Amino acid sequence: MTVLRTPDDCFKNLSGFSFQPHYAETEDEDLGLLRIHYLDEGPADGPVVLCLHGEPTWCYLYRKMIPIFTQAGCRVLAPDLVGFGRSDKPAGRTDYTYRRHVRWMAGWISSLGLRNITLLGQDWGGLIGLRLVAENPDWFARFSLSNTALPTGDHAVSEAFHRWRKFSQEDPAFDTGFIVNLFGRGGLTEEEIQAYRAPFPSDEYKAGARQFPVLVPTEPDNPASEDNRRAWKSLMQWEKPVLMCFSDADPIMQGADKPILKLVPGTRGQPHITLKGRHFIQEEDGENWAKAVVDWMQAGSPDQ
């Protein structure tokens, strides 16, 4: 089995991104040790904010939000999922499964000893993050979601998602910078587009990015469906705070907040907001998401 690592030179002089890299290892029973890259900003003893990105982005996505959290005294951790950013990239598409992604992130959290976590999850950051919360509830104090879901395949997903998945499997270039710009309002600079291309210097590095869309459970017998059903049972008992910050113009995840608002007790009575933007809300209205989370944390914990 081959594991690739994007050369450091690919990440030089990135626009608006001066954060220092950090690395930890997680063990995979088949692939061995995998190196995970993450950002670790703010005071070491501050309340932990964990920012999980999705497809096909990396921790660069949170660059506008991190300073707002650190200025509020938070310790911000933003990892690159395995297969993305500066993290290791198994070269085989079958190396990637939903369950493995959850285990890889759980192993990384365990290696750092993180607790009392405030989770932010968007896109696959929510699909993975919600599983982490459900399977390890004692690790988390609260979570906030934007433009994500926890599908089981028991309900139809949007036609927009099906179009996206078809594109992801058939487009020969799979230009990650173009994709992030496309799913926003087309407002990224050329330097920002290049930053989203940086982790993937050639197609062989894109196995994880290509595989993610086909891992989403869209049928009841998907390999991940039963795990997600168990996660829902746990989340339906979750009474710690949940803040929903979905956007107003995401064609893929529109309405995906409704089951969470209906079924997760921790959503009740919380100051949910609607953000302005499309799918990658961190680019278009991330500062307001961060500010909402800071206010919410401080209102619930006067000592923070």
Side-chain angles (χ1 to χ4, degrees), residues 1-12 14 17-41 48-63 65-66 75-114 117 119-129 131-132 148 168 174 176-177 179-180 194-213 215 280 282:
M1 296 183 182
T2 302
V3 176
L4 304 173
R5 185 171 293 173
T6 304
D8 287 342
D9 285 351
C10 294
F11 299 97
K12 287 184 176 180
L14 296 180
F17 195 77
S18 58
F19 307 110
Q20 293 301 307
H22 298 264
Y23 299 97
E25 290 182 330
T26 188
E27 179 78 27
D28 182 88
E29 60 185 10
D30 297 313
L31 298 169
L33 289 175
L34 293 172
R35 191 180 78 167
I36 292 179
H37 166 259
Y38 63 99
L39 304 181
D40 190 345
E41 298 288 324
V48 174
V49 174
L50 172 59
C51 299
L52 292 185
H53 72 84
E55 153 81 352
T57 61
W58 58 295
C59 66
Y60 182 83
L61 184 68
Y62 284 97
R63 70 194 181 283
M65 299 173 64
I66 290 171
R75 178 188 179 190
V76 185
L77 292 113
D80 292 334
L81 299 175
V82 173
F84 297 83
R86 289 179 121 151
S87 290
D88 281 351
K89 300 173 180 66
R93 288 187 56 168
T94 57
D95 294 335
Y96 297 89
T97 68
Y98 194 155
R99 182 176 292 180
R100 269 185 167 169
H101 272 291
V102 175
R103 288 179 177 173
W104 289 331
M105 278 292 99
W108 172 76
I109 291 173
S110 294
S111 74
L112 296 182
L114 303 178
I117 300 166
L119 167 72
L120 272 67
Q122 182 264 338
D123 193 270
W124 266 96
L127 272 74
I128 294 169
R131 284 275 296 275
L132 291 168
T148 191
S168 72
F174 200 68
T176 52
I179 289 166
V180 177
Q194 289 297 335
Y196 284 113
R197 291 170 175 156
F200 310 108
S202 66
D203 197 59
E204 63 181 335
Y205 290 84
K206 298 178 183 178
R210 287 275 195 184
Q211 191 67 5
F212 248 155
L215 297 181
F280 295 109
Q282 297 93 327

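Predicted, not measured: the structure shown is a model, and the values here were computed from it.
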Any side-chain heavy-atom pair from D40 and Q20 closer than 4.5 angstrom? no

Go through the structure and list residues passing side chain to side chain donor-acceptor pair (under 3.5 Å) with E41, not counting sequence neighbours. none

Donor-acceptor pair, distance only, cut-off 3.5 Å: does the side chain of K89 make one with the backbone of G208? no

Who are the side chain to side chain contact (heavy atoms under 4.5 Å, CB included) partners of E27, not counting sequence neighbours? L33

Which heavy-atom pair separates A207 from G92 by the least distance, and what is that distance? CB-C, 4.2 Å

Could you give me the CA-CA distance, side-chain angles and deciding distance for L81 and H53, then say whether side-chain contact (heavy atoms from CB on, under 4.5 Å) is met? CA-CA 8 Å; L81 299 175; H53 72 84; 3.5 Å; yes

Could you grab the distance from atom NE2 of H22 to atom CD1 of I36, nearest 0.5 Å is fine? 14.5 Å

Does the ring center of F200 lie less than 6.0 Å from the ring center of Y205? no

Nearest heavy-atom approach of E204 to L4 is O-CD1, 3.4 Å

4.5 Å side-chain heavy-atom contact, S111 and T26: no

Checking L77 against L112 for the side-chain contact (heavy atoms from CB on, under 4.5 Å) test, could you report, in this order, the C-alpha distance in whole Å, the side-chain angles of both residues, the deciding distance, and whether it holds? CA-CA 10 Å; L77 292 113; L112 296 182; 3.8 Å; yes

For the pair S110 (side chain) and A106 (backbone), establish whether a donor and an acceptor sit closer than 3.5 Å, ignoring hydrogens and angles. yes

Please enumerate all residues that pass ring-ring contact (aromatic ring centres under 6.0 Å, His included) together with F212, with sequence neighbours excluded. F84, H101, W124

Under 3.5 Å: donor-acceptor pair, side chain of R93, backbone of R210: yes

So, using side chain to side chain contact (heavy atoms under 4.5 Å, CB included) as the criterion, who are the partners of D123 when residues are at least two apart? E55, H279

Counting C-beta onward and ignoring hydrogens, is there a side-chain heavy-atom pair between L120 and Q282 closer than 4.5 Å? no

Is the side chain of T176 donor-acceptor paired with the backbone N or O of Y196 at a distance under 3.5 Å, no angle test? yes

Under the side chain to side chain contact (heavy atoms under 4.5 Å, CB included) test, which residues partner D9, sequence neighbours left out? K12

I117 and I109: CA distance, side-chain angles, deciding distance, side-chain contact (heavy atoms from CB on, under 4.5 Å) verdict: CA-CA 10 Å; I117 300 166; I109 291 173; 4.1 Å; yes

Can you check whether P199's main-chain N or O pairs, donor with acceptor, with T6's side chain at less than 3.5 Å? yes

Could I get the full list of ring-ring contact (aromatic ring centres under 6.0 Å, His included) partners for H37, not counting sequence neighbours? Y23

At their closest point, which heavy atom of C59 faces which heavy atom of F17, and how far apart are they? SG-CZ, 3.9 Å

Regarding D80 and R86, does a basic nitrogen lie under 4.0 Å from an acidic carboxylate oxygen? no

Is the shortest side-chain heavy-atom distance between Q211 and Y98 below 4.5 Å? no

Cation-pi check, R63 onto F19 ring (under 6.0 Å, within 45° of axis): no

Considering all heavy atoms, the nearest V82-Y96 contact: O-CE2, 3.7 Å

Return the minimal non-hydrogen interatomic distance between Y38 and P79, and the atom names on each side. CB-CA, 3.6 Å

Is there a side-chain contact between E25 and L34 in this structure, where contact means two heavy atoms from C-beta onward sitting under 4.5 Å apart? no

Could you pull out the closest heavy-atom pair between W108 and A24, with the gap in Å? CD1-CB, 3.9 Å

How far apart are the C-alpha atoms of V76 and C51, what are their side-chain angles, what is the distance that settles it, and do they pass the side-chain contact (heavy atoms from CB on, under 4.5 Å) test? CA-CA 7 Å; V76 185; C51 299; 4.0 Å; yes

Using 0.5 Å steps for rounding, measure from the CG atom of L127 to the CG atom of L132. 11.0 Å

Going by an N to O cut-off under 4.0 Å, is there a salt bridge joining D30 and R100? yes

Y60 side chain to L14 backbone, donor-acceptor under 3.5 Å: no

When rounded to the nearest 0.5 angstrom, what is the spacing between CG in L52 and CG in L61? 11.0 Å

